[in-house]
There are 2 protein chains.
Amino acid sequence: MIEEDLHLEVLRLLEREPDMSQRQLARALGLSVGKTHYALKAVLDRGWVKAQNFRRSDNRSAYLYQLTPSGLQEKARLAYGLLQRKRAEHEALMTEIEQLRVEVQNAKPADEPPTP
Amino acid sequence: MIEEDLHLEVLRLLEREPDMSQRQLARALGLSVGKTHYALKAVLDRGWVKAQNFRRSDNRSAYLYQLTPSGLQEKARLAYGLLQRKRAEHEALMTEIEQLRVEVQNAKPADEPPTP
DNA sequence: AAATGTGCGTTCACGGGGTGAACGAAGGCC
DNA sequence: GGCCTTCGTTCACCCCGTGAACGCACATTT
């Protein structure tokens with residue numbers, strides 16, 4: 001996963017649930033606490049998220065990780081960049097699938113069930 | 001890159017040019033000689049490729065890496081598996097793009113040039 | 001024939017990067 | 001007070017790809 005995508009995912013998760021621990025965040029991201037910690041540090045250092053000291057007794061979360069205005073803006077920018085990349089990926093994938101279809105068709109002994 | 005895809009790519013390249021050195025193969029795969037060496041060893045161990053002692057004076061290649069009949073069959077099987085995976089990937093990508101499109105659209109301040 | 005050069009297959013010390021156990025700190029509970 | 005839990009943080013560990021380096025076999029040069 002590209003670093004930009006990781007930051008975007010962090011921003012998305014924290015916007016929905018600012019009261020997440022780093023371990024919850026790690027589980028949601030499918031990453032280790034170490035990697036998650038440094039990803040969170042990255043968005044904090046960039047000023048996209050502000051950590052407010054805050055401890056609730058019910059879930060023990062130590063901080064509120066709240067998106068800053070620039071964080072919201074960055075989230076949109078990252079999402080747009082990702083969209084563009086996904087669109088390019090989509091086009092590449094289409095031609096790749098077509099080439100694969102031809103390759104598979106040619107390799108077939110011509111008496112098998114047709115590819116759906 | 002999944003190991004299966006690597007094996008398929010090796011089979012494709014060797015079918016087209018059996019007189020490739022491991023370094024040529026590595027360059028074509030975009031990998032190191034080490035990784036390439038072990039990928040080649042894998043297809044040799046599986047019996048998909050047979051190495052024939054063969055040295056030509058013009059290009060110094062030491063072996064001919066020829067696909068066996070089972071290698072040809074495996075190449076078709078791997079290609080078909082890859083096609084199926086690519087199709088699934090395509091569907092996932094479509095929904096992801098649609099979700100991203102909505103997300104980007106919603107984040108827009110409503111007075112910007114439209115997304116093409 | 002000997003020396004040198006080139007390309008071969010093979011190996012392995014190195015480094016980048018993710019992991020998760022472990023740490024001290026801080027609050028809740030008895 | 002003592003104990004437990006969860007917090008953020010760190011860092012030794014491991015996985016895995018890399019590419020320099022090795023020994024070898026032939027070609028070329030001296």
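A, B, ... follow the sequence lines: proteins, then strands. Residue 1 opens every chain.
Remark: the A:R23 side chain and the D:dG8 base include a donor-acceptor N/O pair separated by less than 3.5 Å.
Under the 4.5 Å side-chain criterion, counting only non-hydrogen atoms from C-beta, A:H7 is not in contact with A:V10. Residues B:L8 and B:K75 meet the side-chain proximity criterion, which asks for heavy atoms closer than 4.5 Å. Residues B:L13 and B:Q24 have side chains not in contact (no heavy-atom distance under 4.5 Å, counting atoms from C-beta outward).
Taking atom CG of B:L64 as the reference point, atom C1' of C:dG9 lies 15 Å away to the nearest angstrom. Spacing between atom CG of A:L29 and atom C1' of C:dG20 amounts to 16 Å, rounded to whole angstrom units. Between the NZ atom of A:K41 and the P atom of D:dT9 there is a distance of 9 Å, rounded to whole Å. Atom CZ of B:R27 and atom P of D:dT18 are 15 Å apart (whole Å). Atom OH in B:Y63 sits about 14 Å away from atom C1' in C:dG7, given to the nearest Å. Distance A:L25 CG to C:dG20 P: 16 Å, rounded to the nearest Å. One atom, CG of B:L40, and another, C1' of C:dT10, lie 12 Å apart when rounded to the nearest Å. For the pair B:M1 CE and D:dC16 C1', the computed distance is 16 Å after rounding to whole Å.
The phosphate of D:dG17 has neither OP1 nor OP2 within less than 4.0 Å of any side-chain N or O from B:S32. The shortest distance between the side-chain N/O atoms of A:H37 and the OP1/OP2 oxygens of D:dT9 is below 4.0 Å. Between A:Q22 and D:dT9, a side-chain N or O to OP1/OP2 separation shorter than 4.0 Å is present. Between A:Y65 and D:dC7, a side-chain N or O to OP1/OP2 separation shorter than 4.0 Å is absent.
Considering only side-chain atoms of A:A62, the nucleotide from C:dT19, D:dC7, C:dT10 that sits closest is D:dC7.
Open room surrounds CD on A:E91; 12 or fewer heavy atoms of other groups in view lie less than 6.0 Å from it.
When each of A:S21 and B:K35 is assigned the nucleotide of DNA chain D bearing its nearest heavy atom, the one mapping closer to the 5' terminus is A:S21. Annotation: of the two residues near DNA chain C, B:Q24 and A:V33, the 5′-most nearest-nucleotide partner is B:Q24.
Between B:R12 and B:E9, the closest heavy-atom pair is NH1-OE1, 3.0 Å.
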